[in-house]
Number of protein chains: 2
Amino acid sequence: MDKQAAGSQSRASPRQLRRTTIDDIARAAGLAKATVSRALNGRDEVHPTTRERVLQTASELGYVPQAAAHALRTGRSRCLGLLLPSVQWPWLVDVLQGVADAVSDAGYTLLLFSTAKGEQTEREFVAKVLPSRPMDGLLLIVPPGLIPSIRDLAAHGLPVVVVDDRGHPAELPSVSSANHQGALLATRHLLGLGRRRIAVVAGPMDYGCCRDRLSGYREALDEASVAFDPSLVVDANFTMAGGRTAVASLVARDPTIDAVFAMNDLMAIGAMDVLGDRVPTEVSVVGFDDIAAAELTRPQLTTVHQPLYEMGQTAVSLALDAIEGGTTVQQNVMLPTRLVVRDSCGGQQGDQ
Amino acid sequence: MDKQAAGSQSRASPRQLRRTTIDDIARAAGLAKATVSRALNGRDEVHPTTRERVLQTASELGYVPQAAAHALRTGRSRCLGLLLPSVQWPWLVDVLQGVADAVSDAGYTLLLFSTAKGEQTEREFVAKVLPSRPMDGLLLIVPPGLIPSIRDLAAHGLPVVVVDDRGHPAELPSVSSANHQGALLATRHLLGLGRRRIAVVAGPMDYGCCRDRLSGYREALDEASVAFDPSLVVDANFTMAGGRTAVASLVARDPTIDAVFAMNDLMAIGAMDVLGDRVPTEVSVVGFDDIAAAELTRPQLTTVHQPLYEMGQTAVSLALDAIEGGTTVQQNVMLPTRLVVRDSCGGQQGDQ
DNA sequence: CTGTTAGCGCGTTCAG
DNA sequence: CTGAACGCGCTAACAG
């Protein structure tokens, strides 16, 4: 009994027409399914004439391979997953766009997972979503905490690429930017302007990027023979509000501060908020990331540019290499940063 | 070379290479695949004891259903697609987060497609990605141009929800915000401040939202018996740069302008750039969207708040209704807007 | 209530 | 070079 009998619409509703399958095109071309499959995928040798006939009727019938069937049979879905905390972190959108474009260029589909809803979401992701294997590779932009459970999955054969934070022993392929170098440039710039009491508004120190940025700061200080003063470093949480309270308490207890190096732009903006008119004449402020908003503040924010879009692209190509090359090539790519001088430090154009 | 090799230890080690299938758990529990499937999905009546046994051994074996197989068999993938121009439009990230959270809450997976790379990408999406059916429903945030081809797909049974722009005859389910009302509130606010020469920096008029915002502006003018002057309306493209040039040319040819209503925040910020110190004393500026950056400018931008996150959530639930209800319920949801008074208009706190 | 039997659409053995 | 089978993992028809 064939419920396939296309003629009889058992349902009255205007449901979709039956999709054309390789079987349809085989019948139309007077060939076998197998031949059609081969011609379409170019896997085996097929007679040029036959191949042409297949391609012809395939396009006539408007054939499009069915993702689910292909995935079931081959075990690969041509999907890439991206796990991130929240798209509302401004620097993330550029990475995301880079990922999205690269994924699309490669003929893949992007699966987006946000853990904004908290740890519950993370656990579910690791326990349920991941093992259902809806993706061939996974890009990770997450706080350090989640990584261990992910590493297990990587060990089971899922290519994983970590973006932005290689604070963890670099066991996983990763893409980061030159955090140390960026902080070095920023601090040198401040020192070049004559600043000596340079406060640091730090991010959480379990982030590798934060540790690297701090070491860059210290290296610049060393170069200039300025002593490192731990009391000038205050921890915050990457938010504007965090930057505000950090700087407020900082200047309250030490009025000699003449510069602020914030480990991201949001905190730098918060700092400028608190400092008000003292920026840039009395106090210089420099940020990190170069998010779009850095041009919106008055004065415009001098900051360390991270090649976020390119980081996204690179992460994708690393994952694709691992997937298509089959090899889990261990690779840790670091992209350069550069200082973008705007108005929040005073002085004239300089550096680079 | 031999991926089978690991099979030797697959029994002893808890990290089996071969994924456990419904078949494994059937064998382990001494039941048939079908029974296991029923117990797991709760579709048919299963004896409580049996069900318990199945659940038990399933969790012992660490069973997780395989997405591809389920999708092939059922025809549904529990995936929702989101098509958008570029995540770099600031207002979009809030919508995106709302979508991402709601999709995840529903136990679905989010597929993200960006057409930032241009029309080429759009065509490929409609021609290749969509018909491969990797998703059960599609959320659309796009320029008006793409809609027609999408409507065809909707007619073939794919639930589609349009976000933000219902300029097209409302044939598709949609989520929008009260654009007319928002513009009305904004313009009233300006008029209440004594402004009479209110320029409009418009977006492209093929967007329904822009037409609605213009009509709101005009209604407020009518209420106040202020004549509508077409020469005060200038088209721009939703960007900061566009806002700058629009306002520059506007004030050049008409120095009497005492307010600017920009149809989005980016253009409003561009306007403030050009107007400089004249804001807010001589010229008031009001925007639309209430993006995060609206609080970053000095003066802070007074603007019309759109419930972007909620719009994303709502779009998802509309799509889910259509998918799970089976019915293509025609629904057009409009969420309220409100005026957020900050500093860019001068005067005192007022209004709504 | 449960087991048996068929496929979903595709790629990949095997024969010919 | 092509065709006929088989099966990926799962659910939906029928029996029993």
Side-chain angles (χ1 to χ4, degrees), chain A residues 1-6 10-11 15-54 57-58 61-78 131-134 136, chain B residues 3-4 16-55 57-58 61-78 131-134 136:
Chain A
M1 340 265 287
D2 57 358
K3 29 200 129 185
Q4 311 280 34
S10 53
R11 291 286 183 187
R15 279 312 246 184
Q16 67 234 28
L17 274 19
R18 207 175 67 78
R19 308 173 26 74
T20 86
T21 77
I22 71 171
D23 212 277
D24 297 328
I25 123 163
R27 209 168 319 134
L31 294 165
K33 293 182 348 185
T35 310
V36 175
S37 173
R38 280 187 284 247
L40 256 27
N41 296 303
R43 289 200 74 81
D44 223 343
E45 290 313 317
V46 175
H47 192 85
T49 314
T50 316
R51 146 178 249 93
E52 196 46 51
R53 185 148 48 107
V54 169
T57 61
L61 267 50
Y63 170 75
V64 172
Q66 191 130 324
H70 184 93
L72 177 58
R73 176 65 230 212
T74 62
R76 307 214 286 100
S77 58
R78 298 188 68 82
S132 86
R133 286 283 183 152
D136 300 338
Chain B
K3 11 202 146 191
Q4 309 289 25
Q16 51 243 8
L17 189 58
R18 202 174 71 76
R19 306 173 29 73
T20 87
T21 77
I22 181 178
D23 212 275
D24 297 328
I25 123 163
R27 211 168 316 136
L31 292 166
K33 291 179 356 182
T35 309
V36 175
S37 173
R38 280 187 286 245
L40 257 24
N41 295 302
R43 287 197 79 78
D44 224 342
E45 290 313 318
V46 176
H47 191 86
T49 316
T50 316
R51 146 178 249 94
E52 196 46 52
R53 184 149 47 107
V54 169
L55 263 38
T57 60
L61 269 48
Y63 170 75
V64 172
Q66 191 130 323
H70 183 93
L72 176 59
R73 179 64 232 210
T74 63
R76 307 214 286 99
S77 58
R78 299 187 68 83
S132 85
R133 285 283 181 152
D136 299 339

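Everything quoted here is computed from the prediction, not taken from an experiment. Values below: every heavy atom of this structure, side chains too, minus hydrogens, waters and symmetry copies. The sequence lines fix the lettering, A, B, ..., with proteins before strands; numbering per chain opens at 1.
The separation between R78(A) atom CZ and dG9(C) atom C1' is 17 Å, rounded to whole Å. The CG atom of L72(A) sits 18 Å away from the P atom of dC6(D) (whole-angstrom rounding). Going from atom CZ of R76(B) over to atom P of dC10(D) covers 17 Å, rounded to whole Å. Taking atom NZ of residue K33(B) and atom C1' of nucleotide dA12(D), one finds them 12 Å apart after rounding to whole Å. Protein atom CZ of R133(B) is 14 Å distant from nucleotide atom P of dC10(C), rounded to whole Å. The nearest whole Å value for the distance from the CG atom in D23(A) to the P atom in dG3(D) is 13 Å. Atom CZ of R27(B) is separated from atom P of dT2(C) by 20 Å (rounded to the nearest Å). Put simply, CG on N41(B) is 17 Å from P on dG9(D), counting in whole angstrom units.
No donor-acceptor distance shorter than 3.5 angstrom exists from the side chain of S77(B) to the backbone of A71(B), with no hydrogens or angles considered. The backbone N or O of P131(A) sits less than 3.5 Å from a side-chain atom of R19(B), completing a donor-acceptor pair. Not a single donor-acceptor pair under 3.5 Å links the side chain of S37(B) to the backbone N or O of K33(B).
Of the candidate nucleotides dT12(C), dT4(C), dC10(D), dT4(C) has the atom nearest to the side chain of A32(B). In this structure, the nucleotide among dA12(D), dG9(C), dG11(C) sitting nearest to the side chain of R73(B) is dA12(D). Side-chain proximity of V46(A) to dT2(D), dT4(C), dG11(C): nearest is dT2(D).
Remark: T35(B) is in phosphate contact with dG3(C), judged by side-chain N or O atoms under 4.0 Å from OP1 or OP2. Put simply, H47(B) has no side-chain N or O that comes within less than 4.0 Å of OP1 or OP2 on dT2(C). Under 4.0 angstrom from either OP1 or OP2 of dA12(D) there lies no side-chain N or O belonging to S37(B). Distances shown here put every side-chain N or O of H70(B) at or beyond 4.0 Å from the OP1 or OP2 atom of dG9(D).
Of all heavy-atom pairs spanning I25(A) and V54(A), the tightest one is CD1-O, 3.5 Å. Pairing each heavy atom of L40(A) with each of Y63(A), the nearest pair is CD2-CE2, 3.7 Å. The minimum heavy-atom distance between V46(A) and A39(A), with the atom names listed, is CG2-N, 3.9 Å. The minimum heavy-atom distance between T57(B) and A29(B), with the atom names listed, is OG1-CB, 4.0 Å.
A residue-by-residue look at L31(B) and V64(A) shows that L31(B) has its nearest nucleotide of DNA chain C further toward the 5' end. Comparing T21(B) and R53(A) by the nucleotide of DNA chain D that holds the closest heavy atom to each, the one mapping nearer the 5' end is R53(A).
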Below 3.5 Å is the cut-off: list the nitrogen or oxygen pairs between protein and nucleotides 14-16 of chain D, distance only.
none

